[in-house]
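What follows is a set of notes on a single structure, which appears directly below.
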Amino acid sequence: MEVQQLLSKYMLEISKVSDEKSLYIALSGILRRITDYQTLNVISQSSILYSEPVNDIIDEALFMEYLPWVEERLYPTFLPKDDGYVGLIPIFKGKKLLSTIVLTTSDEPTAEVIDYLQLLSYLSGLTLENLRLIDFVDKTREYFETILNLSNDGIIVFYQGEIEFSNVKGSEIIEDYPIILQEIEEKIGDNETFFEVELPDTFLSVSTKEIELQGEPRILVDVRNITSEKEVEKLREVDKIKTNFIANVSHELKTPLTAIKAYTETIMNVPMTQEEIREFSETIYNQSLKLEGILNDLLDFSQLESHTLKILKEPTDLCEVVNRSILTVNHLAVHYDVKIEFDCNNSIEINCDKKRIEQIMVNLLTNAIKFSDKNKKQKIVRIEMENDDKTVKIVVEDNGVGIPADKLDRIFDKFYRADIELTYSIPGTGLGLAIVKEIVEMHNGTITVESREGEWTRFIVQLPKS
Ligand code: ADP
């Protein structure tokens with residue numbers, strides 16, 4: 001075969017090689033065709049990368065001192081030795097020596113063959129450099145993947161809406177909670193870069209960042225399982241709520257008890273007129289009603305917890321119930337200087353637990369009065385009722401201190417008291433609305449709240465008529 005043909009065959013071969021060894025096999029094949037070598041070694045930085053025949057190593061003493069010279073010239077060189085030659089063919093890219101072929105021949109190659117060898121080493125250098133680069137890129141990728149796989153965070157990269165990369169933790173999270181992909185897609189659509197996802201029994205925190213690779217945008221997503229952090233947070237909060245609750249209840253019990261004790265002691269020890277004794281007894285009676293109220297709340301709460309709270313439905317005139325509840329809170333309204341407005345034009349009949357609905361109204365009204373705004377000239381609580389064939393809607397609206405927007409969805413929680421300074425100067429246990437909600441729901445009704453902090457609060461109770 002012509003040398004040129006051999007060269008084009010070689011070019012075809014090396015265009016397909018995928019590792020250094022295959023390149024040297026192809027190279028030694030073509031060298032066999034254009035030289036009469038007996039032994040061929042490929043060396044790089046004093047180590048043998050390849051030898052033909054296998055393990056046939058050429059004595060370093062024959063060529064070592066010439067290597068720097070070859071590296072500088074980057075041109076094939078043949079040195080005479082006892083009964084033949086040692087050839088040194090540098091494989092290079094630009095000015096950089098990548099490896100050197102050392103071979104022994106019996107004849108010295110012609111100038112034409114040396115030119116071909118130079119061409120061969122140049123072509124091989126190009127391929128070798130590419131192979132080494134690819135190898136470097138592969139190894140670098142593996143290296144970073146190992147680092148990323150050690151992470152306890154799920155790391156996922158999206159390219160054109162598809163997952164392009166995911167570390168081990170990322171794949172685990174996707175497998176365990178496939179819904180997370182939908183959540184991520186939605187939130188990315190809303191341009192949110194940090195958000196938390198609450199799943200049954202699991203909390204995940206997600207942060208996203210736009211990144212680019214070769215001018216193409218991608219979304220890098222970091223997902224962290226924060227369930228245990230959230231649990232600790234919740235436990236701490238429950239702990240705090242319980243401590244507050246105990247402090248509140250103790251305070252709530254102590255105030256009327258202290259009054260009862262003081263008034264009784266006075267009656268017992270100080271001579272008094274009949275009228276004075278009646279006045280003192282009235283105070284004692286009112287304080288004991290307060291105590292009874294707290295105990296009833298606690299009792300209701302324990303029934304609510306054990307799901308033994310019962311309702312007894314009977315045909316009820318709602319106007320009558322509301323009017324009775326207004327009477328119950330009247331003394332409080334007078335004390336806080338709050339005006340209660342309620343007009344019942346038509347009687348509204350529904351099937352419900354009369355006592356419990358009255359309890360709801362007393363609770364909502366008590367709150368509306370307690371949380372009235374002392375800086376407002378006119379403090380008003382308005383009750384409105386609407387009804388159609390199926391439902392009755394009762395709205396209790398006040399122009400009091402209002403509830404901060406971020407606390408609104410929590411006020412029906414057990415023990416919860418919106419954490420504004422004022423709350424702690426106002427008596428309460430934080431159980432009222434939890435009980436109210438439970439009673440409303442036991443009637444298959446709903447209760448919602450709307451409020452603007454500093455302006456007004458509106459509770460809306462909807463009850464089915466039958
Ligand atoms: P309590 O009144 O014993 O604190 P509730 O369960 O009845 O407990 O109410 C929970 C919390 O909701 C209150 O502590 C208060 O912060 C808030 N709240 C309820 N009703 C009103 C209202 N009408 N105006 C302002 N805040 C209210």
Side-chain angles (χ1 to χ4, degrees), residues 237 240-256 290-305 309 325-326 328-329 332-333 335-342 356-376 378-384 394-441 447-461:
E237 201 173 319
K240 191 174 141 202
I241 286 173
K242 276 188 185 157
T243 313
N244 280 346
F245 173 71
I246 291 167
N248 266 336
V249 172
S250 315
H251 176 73
E252 294 294 295
L253 291 173
K254 210 170 172 195
T255 318
K290 262 192 191 169
L291 278 182
E292 191 182 38
I294 297 165
L295 287 176
N296 280 341
D297 262 10
L298 291 174
L299 216 65
D300 281 349
F301 176 69
S302 75
Q303 286 184 352
L304 184 150
E305 286 285 274
L309 196 76
S325 58
I326 295 175
T328 310
V329 299
L332 195 70
H335 178 74
Y336 278 85
D337 189 25
V338 173
K339 190 172 166 226
I340 302 177
E341 293 181 353
F342 175 58
R356 292 294 186 188
I357 298 298
E358 191 179 323
Q359 184 184 350
I360 291 178
M361 289 310 297
V362 169
N363 216 307
L364 294 180
L365 288 173
T366 308
N367 277 347
I369 297 166
K370 279 193 312 188
F371 295 104
S372 58
D373 187 346
K374 60 174 180 289
N375 300 318
K376 281 187 189 137
Q378 276 213 315
K379 302 173 201 87
I380 296 171
V381 176
R382 188 175 296 123
I383 306 161
E384 271 167 19
I394 311 167
V395 181
V396 180
E397 184 175 333
D398 63 68
N399 67 342
V401 294
I403 303 167
D406 60 330
K407 309 276 161 68
L408 266 183
D409 59 342
R410 300 223 35 206
I411 59 160
F412 294 105
D413 291 356
K414 300 159 203 165
F415 309 120
Y416 190 78
R417 312 194 75 208
D419 197 12
I420 40 175
E421 266 174 54
L422 186 95
T423 315
Y424 291 97
S425 59
I426 291 174
T429 55
L431 291 179
L433 286 178
I435 296 169
V436 164
K437 188 162 188 269
E438 184 75 12
I439 296 174
V440 170
E441 284 173 357
I447 178 162
T448 51
V449 60
E450 297 165 1
S451 184
R452 181 160 302 150
E453 198 180 353
E455 293 188 26
W456 50 264
T457 301
R458 191 183 295 140
F459 283 90
I460 303 150
V461 178

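Every number for a ligand or one of its atoms is a count from 1 in the order of the listing. Everything numeric here is computed off the predicted structure, so don't read it as measured data.
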Practice problem: Just go through D297, V249, T366, I411 and tell me whose heavy atom is the nearest to atom 12 (O) of ligand 1. | Solution: I411
Quiz item: What atoms in ligand 1 come closer than 4.0 Å to a heavy atom of G430?
Solution: 1 (P), 3 (O), 4 (O), 6 (O), 8 (O)
Quiz item: So do the side chains of I411 and F459 get within less than 4.5 Å of each other, counting heavy atoms only?
Solution: yes
Self-check item: Part of L433 within contact of ligand 1 (heavy atoms, under 4.0 Å)
Solution: both
Self-check item: Atoms of ligand 1, numbered as shown, that sit under 4.0 Å from any heavy atom of A368
Solution: 23 (N)
Quiz item: Considering the options V338, T328, V381, which one meets the side-chain contact (heavy atoms from CB on, under 4.5 Å) requirement together with L365?
Solution: V381
Practice problem: Counting heavy atoms only, name the option from F412, F371, W456 that's nearest to atom 22 (C) of ligand 1. | Solution: F371
Quiz item: Does any N or O in the side chain of S325 come within less than 3.5 Å of the main-chain N or O of V362, such that one atom is a donor and the other an acceptor?
Solution: no
Exercise. For the pair K370 and N367, evaluate side-chain contact (heavy atoms from CB on, under 4.5 Å) and give the outcome as yes or no after the intermediate values.
Key: CA-CA 5 Å; K370 279 193 312 188; N367 277 347; 3.5 Å; yes
Self-check item: Heavy-atom side-chain proximity of I460 to E450 below 4.5 angstrom
Solution: yes
Exercise. State whether the number of non-hydrogen atoms from other residues, nucleotides or ligands found under 6.0 Å of K379 atom NZ is greater than 12.
Key: yes
Quiz prompt | Sub-4.0 Å atoms of ligand 1 with respect to non-hydrogen atoms of K370 | solution = 1 (P), 2 (O), 3 (O)
Quiz item: With atoms numbered from 1 as shown, which atoms in ligand 1 lie under 4.0 angstrom from a non-hydrogen atom of F459?
Solution: 20 (N), 23 (N)
Quiz item: How does V436 reach ligand 1, by side chain, by backbone, by both or by neither, if only non-hydrogen atoms under 4.0 Å count?
Solution: neither
